[in-house]
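Before any comments, here is the structure.
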Amino acid sequence: MALKLFMNVLYTIGIFVCCAVVYWAFPKQEYMWAMAAIFIAGLFVILKIKLLKELRQKKK
């Protein structure tokens with residue numbers, strides 16, 4: 001259970017960092033960085049949703 005909590009925290013930090021990269025990249029017109037950060041943030045969101053579904057199923 002502690003590992004799942006740690007993974008959830010890492011996913012949240014990863015999403016936050018990706019949002020910060022997008023916020024930095026657009027004004028500087030670094031669109032490749034922005035696209036990569038959006039893609040990685042999407043992966044983190046998908047993984048986080050899977051983790052939360054797994055935790056909810058295990059809880060029942």
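On a predicted model such as this, the values are computed, not experimentally measured, just so you know.
The salt bridge (charged side-chain N to carboxylate O under 4.0 Å, His left out) contacts involving residues 24-45 comprise nothing, where partners must be two or more places apart or lie in separate chains. Here side-chain hydrogen bond (donor to acceptor under 3.5 Å, both in side chains) pairs that include residues 35-49, with residues two or more places apart or in two chains, are Asn8-Lys48, Thr12-Lys48. Counting only residues at least two apart or on different chains, no salt bridge (charged side-chain N to carboxylate O under 4.0 Å, His left out) pair has a member in residues 6-17. Residue pairs satisfying the side-chain hydrogen bond (donor to acceptor under 3.5 Å, both in side chains) criterion with at least one member in residues 31-46, sequence neighbours excluded, are absent.
Under the side-chain contact (heavy atoms from CB on, under 4.5 Å) criterion, Ile13 pairs with Val9, Val17, not counting sequence neighbours. Shown here are the side-chain contact (heavy atoms from CB on, under 4.5 Å) partners of Leu47, two or more places apart in sequence or in another chain: Tyr11. Take Ile40 and apply the side-chain contact (heavy atoms from CB on, under 4.5 Å) test, not counting sequence neighbours, and it matches Cys18, Phe44. When the salt bridge (Lys or Arg N to Asp or Glu O under 4.0 Å) test is applied to Lys50, no partner is found at least two apart in sequence or on another chain.
Placement of Val21 and Phe26 in two distinct hydrophobic clusters is found when ILVMFWY residues are connected by side-chain heavy-atom separations under 4.5 Å, directly or transitively.
Within the hydrophobic cluster formed by Ile, Leu, Val, Met, Phe, Trp and Tyr side chains joined at under 4.5 Å, directly or through other members, Met35 is accompanied by Met32.
Residue Ala41 comes nearest to Ile15 through the heavy atom pair O-CG1, 4.3 Å, listed as atom of the first residue, atom of the second, then distance.
We find the CD-NZ distance between Glu54 and Lys4 to be 3.0 Å, quoted to the nearest 0.5 Å.
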